[in-house]
Amino acid sequence: MPGLVFYTNTYSMILYKTDEQVEQMRQSALLVSTTLAEVAKILRAGITTLSLDKMIGEFIRDHKAIPSFLNYHGYPFNSCLSVNDVVVHGFPNKSELKEGDIISVDVGVILNGWHGDHAYTFSIGDPGTAVRQLIRVTRESLYLGIEKAISGNRIGDISYAIQEHTEKKFGYGVVRELVGHGLGKNLHEDPQVPNFGKRGSGPKLKEGMTLAIEPMINLGKKDVFTEEDGWTVRTKDGKPSVHFEHDICVRKNKADILSDYSIIEKEECKNSNLYTLTASITAGN
Ligand code: MF3
Ligand code: CO
């Protein structure tokens, strides 16, 4: 029998990582980045998301890792592939992607016992000016959040930065039901990292905290619903939603970004079937 534990709503168990553990987590995060780069190579109109999911599973296993989403609380696929109005947790299926679709590719791995979990939103052809801006702004908000992930700040500083840039500045809908999270030997650890909140609120950030920060931003209203399958999250108004996710470690003056968008965006640029609006704003990561 375990000892008695008194849980309160503020109970939280944050697991800090040593430098050595952070290096192992970087390997896990980078395996996700290289998997997403493989996806960037083959994405085009006409491909099914189910075939992408198969490739993702094989690529991860070929690199001595395990696709961590598969069987997580019963999730039945290797990856989450969320098209247009699907916010997150989209099931891969047999329908073909078409020109103008956007797709969040969210991948998780366990490598040497450590989780990597990150995501990127691609455009199959030109999704139009409104969605192009949504993609750019969501990606920017992720980096603005990461800028706040330094020791001495609080979780709410990350949340506020993301909400300000997306909701306040552009009037986009910030999803409330789903949040970023701590990451480590478990896919979801404390603390939660909401994409909305007050400056100076929430748990204090300390060196060695490893977080998955993942803005989920809607072109229209913030409201979402979950489909009958128990997973697929869609916008209520049917408008598109964008999702970007990085794995980071809190440090003193600047967060250490463990995952790497430059690997993905190099392939995105080379693939003429993809609309690459991020090319001009990519600098090192
Ligand atoms: N990035 C997502 C998350 O952190 C992926 C989890 S999907 C699941 O929640 F299938 F594993 F649940
Ligand atoms: Co995540």
Side-chain angles (χ1 to χ4, degrees), residues 14-15 17 25-26 28-33 35-36 39 49-50 52-54 56-57 60-61 65-83 86-93 103-111 114-122 138-139 141-143 145-146 149 155 158-159 162 174-196 209-218 224 226-234 241-250 255 257-261 264:
I14 295 170
L15 301 164
K17 281 76 180 181
M25 286 190 64
R26 190 189 312 281
S28 307
L30 288 176
L31 177 55
V32 178
S33 305
T35 307
L36 295 176
V39 172
T49 49
L50 196 61
L52 289 176
D53 184 73
K54 287 219 167 66
I56 289 167
I60 292 168
R61 290 183 194 283
I66 297 165
S68 58
F69 296 172
L70 185 64
N71 299 323
Y72 182 81
H73 292 278
Y75 187 78
F77 294 97
N78 298 306
S79 60
C80 299
L81 302 177
S82 307
V83 178
V86 178
V87 179
V88 285
H89 303 167
F91 281 3
N93 61 44
I103 178 172
S104 151
V105 181
D106 190 353
V107 168
V109 304
I110 308 169
L111 178 65
W114 295 95
H115 282 261
D117 167 28
H118 89 110
Y120 192 89
T121 295
F122 297 96
T138 304
R139 188 184 182 286
S141 79
L142 171 57
Y143 282 91
I146 292 170
I155 288 289
I158 301 173
S159 310
I162 294 170
V174 176
V175 176
R176 301 298 201 271
E177 289 83 350
L178 296 137
V179 295
H181 49 94
L183 183 76
K185 291 224 179 227
N186 303 293
L187 176 57
H188 295 133
E189 297 185 356
D190 286 331
Q192 294 196 348
V193 187
N195 298 304
F196 54 94
M209 272 174 83
T210 44
L211 306 172
I213 305 179
E214 48 182 320
M216 289 152 268
I217 309 297
N218 302 343
V224 299
T226 305
E227 274 186 25
E228 295 285 286
D229 62 21
W231 285 98
T232 311
V233 178
R234 280 185 197 270
S241 184
V242 167
H243 176 218
F244 282 95
E245 180 176 20
H246 260 317
D247 301 337
I248 68 103
C249 180
V250 174
I257 307 178
L258 306 178
S259 37
D260 185 355
Y261 278 167
I264 302 162

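Indexing begins at 1, ligand by ligand and atom by atom, following the structure's order.
- Distances from ligand 1 to the non-hydrogen atoms of Phe77 include no value under 4.0 Å.
- In this structure, Phe77 has its ring center no closer than 6.0 Å to that of Phe69.
- Ligand 1 lies out of reach of Leu70, whose nearest heavy atom is not under 4.0 Å from it.
- Shown are the protein N/O/S atoms under 2.8 Å from the Co ion (ligand 2), given by residue and atom: Asp117 OD2, His181 NE2, Glu214 OE2, Glu245 OE2.
- Closest to atom 10 (F) of ligand 1 among all protein heavy atoms lies Tyr75 CG, 3.1 Å.
- No hydrogens or angles considered: a donor-acceptor pair under 3.5 Å links the side chains of Asp53 and Ser79.
- Ligand 1 lies within reach of Glu245, whose nearest heavy atom is under 4.0 Å from it.
- The protein atom (non-hydrogen) at minimum distance from atom 2 (C) of ligand 1 is Asp106 OD2, 3.2 Å.
- In Leu178, neither the side chain nor the backbone holds a heavy atom less than 4.0 Å from any atom of ligand 1.
- Under a 4.0 angstrom heavy-atom cut-off, Cys80 registers as being in contact with ligand 1.
- Closest approach of Glu189 and Asn186 over heavy atoms only: OE2-N, 3.2 Å.
- The NE2 atom of His246 lies 3.0 Å from the OH atom of Tyr143; values are rounded to the nearest 0.5 Å.
- Some N or O of His188 is nearer than 3.5 Å to an N or O of ligand 1, by distance alone.
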